[in-house]
Amino acid sequence: MTLYLTGSPTRFGESSFTPDNGFLADVRASLAEVTGPGRNPRVLLVSAAPDDKGFTDSVKKGMSYCIHRSGIRTASVTMLERSNAGKAGELVKQADWIILCGGHVPTQNRFIHEIGLRELLKGYEGVVMGCSAGSMNCAEDVYSHPELPGEARDPGYKRWLKGLGLTDINLVPHFEQVRYAQVDGLRLFEDIAFPDSWGHRFYTFRDGGYIKVKDGRAILYGEAFEITRGAMHRISEENKTCCFMNVVFISPHFPQTYWHFCAGLRANGVNVLGIADTNYENLPWELQQCLSDYYKVHSLENYDEVYRAVAFYAHRYGKIDWIESNNEYWLEQDARLRTDFNVTTGIKTDRIASIRNKSEMKKYYAAGGIPTARQIKGSEGLAKVQAFIKKVGYPVIAKPDNGMGASGTFKLNNDQELKAWFKEHENNFGYFVFEEFITGLLVSYDAIFNSKGEPIFENNTVFPMPIMDVVHDNLEICYWTNKTVPAKLSAIGRRTVKAFGVTGRFVHLEFFQLESDRPGLGKKGDYVGLEVNMRPPGGYTPDMMNFAHSTDVYQLWADMVTFDEARKPQGEQYFCAYAGRRDGVAHKHSHEEIMNRYGANIRMAERVPDALSDDLCNFAYIARFKEKKDIDAFFKYVTE
């Protein structure tokens, strides 16, 4: 079902659907999805005054004229009112487009319950459009503010009614006409709606503005205001949008660039609800501007504290639509929170092992036909690991089954090293896995996938120096982002994401590109799965993607969350290179010399946070180039 909530689909005083904010074009496109080519929609109007034939006939005539004036051809237009109420089920089933007409909210509310419209609309796949009272009655709990003389002073008047349950959004329609209206001497806004808004949220906009609800997303188009806690404030402007989503973002202050994810959400009108373990005043100023609310916990490691924070937000703002940290460290906690709060837009606890445990990953790689290195769990014991190594040969890699980065990863070259390793890890060897050692170029497939499992953005980064060597040998790091993604890498990346059944996420998948033919794995140049990371790449790589593709991946991710599509275009394509320098190394060229030589290319030059310095060194230089040949000279100059 596609649902439109309007005060009126026309601008005040006009007689056709407004094209403003894309409304007419959007309605026509939604109808075409229902009818397909070559068939006109069957329209069913639902009266707000089923027993008033004169009023009902007038509304039918006016709406029919408005539809046709808008250039929409119809197969039929039928009014559902008292005389044909017994055929409601048949009429709903036949309709492609149901329009809930305006009028008196309580009167229409009684009628829709008399004909069982709520039940009849279950599973309905057409277009539903509410007008004024019709939009108000679409809510689960309908806010029926007094509008007729006597209702505001009547102690028995019910301001809350059960509605159709198609949305949880409450409207006060016709902002332009009713902003200063009075009922029984009381101001509709200041004396009625404002006091009623404590514990509730109402939305109001001029005729011609609208809300579209589809696939779990509700987006408001045009200038609009929110009324809550006894006050009103603007939430959207003309030709802009506001998305009705509550997104809880865990640890938005770290890594330090992640505030950009929050900024992207905020730009889309999302309620961004932050949870972290630092005082609000210590958050970067830019992040403070992005957050709708902030909850400090003493420790993000304390699940009960974080749970209470999310529960507070759910009580204050309503249904939580998304919970995310985009951080490997918090993936399991994110999944547990989604499970406990029944948030369906992400991985839950029952699936988290498949993306966290390297041993579980193997099952999904196999299901997708993706070649991977052979592996055995350390819990099998020394003897079985030795038997495994007889098949695959030395060296082998020992790494935590559930871990991130290169920390705790060991390269073992012979039986002596293997036995020494087991002795050193006699209390925790069961937490490790052993894999055959594969030589090849380490590359990543980075992408943002929408809810349909389609990539809306793809990227390829190349790591000529393995991160494990960088960390263990305290080396300086150099890597780059490609202009384009090789077709074979894109194909295996997409196949991997499909095998893991992941949608609506930023992913960072690591592969080895074989440097020679390897029986059972592939030929030279083929890709072998290393591990999946269902989150953005770490460090500064998202920024490098921005520089390489002249775009904003933070906003692209936010657009995926909000609109399920890419709305941020890409510009000119470049190679983007990262060169890291460590403290204590006597470099040939000073910072000033580097900036003088490469200043036109450098996009970032800054100190790396200590928490990231093992992998990324202590100071980062990020530059972009039009030609790949310029990268090696840049690396050499910076690290020489």
Side-chain angles (χ1 to χ4, degrees), residues 2 21-22 25-26 29-30 33 212-221 236 239-245 247 249 257-270 272 290 321-322 324 326 344-347 444-461 481-487 489-498 500-509 532-537 540-574 576 624:
T2 301
N21 297 298
D26 204 291
S30 294
E33 288 180 8
K212 180 181 179 181
V213 184
K214 187 176 182 181
D215 297 331
R217 288 174 168 81
I219 302 173
L220 187 153
Y221 295 79
S236 182
N239 297 313
K240 292 191 176 180
T241 60
C242 174
C243 187
F244 292 95
M245 293 184 74
V247 175
F249 205 100
T257 57
Y258 273 26
W259 70 267
H260 290 288
F261 286 120
C262 298
L265 292 170
R266 191 63 176 165
N268 291 342
V270 171
V272 187
C290 304
D321 299 286
W322 211 285
E324 190 57 80
N326 276 335
T344 58
T345 51
I347 298 165
S444 72
Y445 169 78
D446 313 296
I448 300 172
F449 280 79
N450 65 15
S451 68
K452 302 177 185 67
E454 303 162 342
I456 65 170
F457 170 80
E458 294 179 294
N459 174 79
N460 165 225
T461 298
T481 293
N482 264 330
K483 273 187 177 182
T484 58
V485 181
L489 178 62
S490 175
I492 198 170
R494 295 182 186 197
R495 202 163 77 242
T496 302
V497 171
K498 184 177 180 181
F500 278 80
V502 169
T503 59
R505 287 198 72 77
F506 210 138
V507 303
H508 171 63
L509 314 182
V532 300
N533 300 279
M534 297 305 178
R535 42 79 180 171
Y540 295 90
T541 307
D543 304 280
M544 294 171 64
M545 295 179 192
N546 289 344
F547 302 140
H549 307 299
S550 303
T551 190
D552 183 345
V553 296
Y554 301 102
Q555 187 64 56
L556 280 167
W557 174 83
D559 289 348
M560 178 275 295
V561 170
T562 312
F563 308 117
D564 206 31
E565 63 185 17
R567 295 193 172 183
K568 181 72 177 178
Q570 296 186 39
E572 188 174 355
Q573 304 294 296
Y574 298 86
C576 187
R624 71 180 185 182

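Count residues from 1 along the sequence. Note that the structure is a prediction, hence the values are computed from the model and not measured.
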Would you say the side chain of [Y] lies within less than 4.5 Å of the side chain of [X], judging by non-hydrogen atoms?
{"X": "Phe457", "Y": "Asp446", "answer": "no"}
{"X": "Gln555", "Y": "Asn268", "answer": "yes"}
{"X": "Tyr445", "Y": "Arg494", "answer": "yes"}
{"X": "Met545", "Y": "Pro537", "answer": "yes"}
{"X": "Val272", "Y": "Cys290", "answer": "no"}
{"X": "Asp543", "Y": "Tyr554", "answer": "yes"}

For the residue pair [X] and [Y], what are the closest heavy atoms and their distance?
{"X": "Met560", "Y": "Phe449", "value": "CG-O, 3.5 Å"}
{"X": "Met544", "Y": "Cys576", "value": "CE-O, 3.4 Å"}
{"X": "Ile347", "Y": "Met534", "value": "CD1-CB, 4.4 Å"}
{"X": "Ala218", "Y": "Val213", "value": "CB-CG2, 3.9 Å"}
{"X": "Leu556", "Y": "Ala566", "value": "CD2-CB, 3.7 Å"}

Inset, instruction - Applying salt bridge (Lys or Arg N to Asp or Glu O under 4.0 Å), name anything that partners Arg266, two or more places apart in sequence or on another chain. - result: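 In terms of salt bridge (Lys or Arg N to Asp or Glu O under 4.0 Å), with neighbours along the sequence ignored, Arg266 is linked to no residue.
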
Nearest 0.5 angstrom please: [X] [atom1] to [Y] [atom2], how far?
{"X": "Asn460", "Y": "Ser444", "atom1": "CG", "atom2": "OG", "value": "6.0 Å"}
{"X": "Asn450", "Y": "Asp559", "atom1": "CG", "atom2": "CG", "value": "12.0 Å"}
{"X": "Thr541", "Y": "Asn546", "atom1": "OG1", "atom2": "CG", "value": "11.0 Å"}
{"X": "Thr562", "Y": "Phe244", "atom1": "OG1", "atom2": "CZ", "value": "13.0 Å"}
{"X": "Asn459", "Y": "His549", "atom1": "CG", "atom2": "NE2", "value": "3.5 Å"}
{"X": "Asp552", "Y": "Arg567", "atom1": "CG", "atom2": "CZ", "value": "15.0 Å"}

Between [X] and [Y] (side chain of the first, backbone of the second, donor and acceptor by atom type, cut-off under 3.5 Å), is there such a pair?
{"X": "Thr2", "Y": "Lys214", "result": "no"}
{"X": "Thr241", "Y": "Leu220", "result": "no"}
{"X": "Asn533", "Y": "Leu509", "result": "no"}
{"X": "Glu458", "Y": "Ile456", "result": "no"}

Inset, instruction - Assess the side chains of Ser451 and Thr503: does a donor N or O sit below 3.5 Å from an acceptor N or O? - result: no

Inset, instruction - Report yes or no: is the cationic atom of Arg624 (NZ for Lys, CZ for Arg) closer than 6.0 Å to the six-membered ring centre of Tyr574, at no more than 45° off its axis? - result: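 Arg624 over Tyr574 ring: yes.
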
Inset, instruction - Apply side chain to side chain contact (heavy atoms under 4.5 Å, CB included) to the pair Ile492 and Arg495, showing each step before the final yes or no. - result: CA-CA 5 Å; Ile492 198 170; Arg495 202 163 77 242; 3.9 Å; yes

Inset, instruction - Please test Leu265 against Trp322 for side chain to side chain contact (heavy atoms under 4.5 Å, CB included), starting from the C-alpha separation and ending with a verdict. - result: CA-CA 11 Å; Leu265 292 170; Trp322 211 285; over 6 Å; no

Inset, instruction - Test salt bridge (charged side-chain N to carboxylate O under 4.0 Å, His left out) on Glu324 and Arg505 and set out the steps. - result: CA-CA 10 Å; Glu324 190 57 80; Arg505 287 198 72 77; 2.9 Å; yes

Inset, instruction - Would you sort out whether Asn326 and Phe249 count as a side chain to side chain contact (heavy atoms under 4.5 Å, CB included), showing the intermediate values? - result: CA-CA 9 Å; Asn326 276 335; Phe249 205 100; 4.2 Å; yes

Inset, instruction - Flag yes if more than 12 heavy atoms outside Lys483 fall under 6.0 Å of its NZ atom; otherwise flag no. - result: yes

Inset, instruction - Check the pair Val561 / Val270 against side chain to side chain contact (heavy atoms under 4.5 Å, CB included), numbers first and verdict last. - result: CA-CA 10 Å; Val561 170; Val270 171; 5.7 Å; no

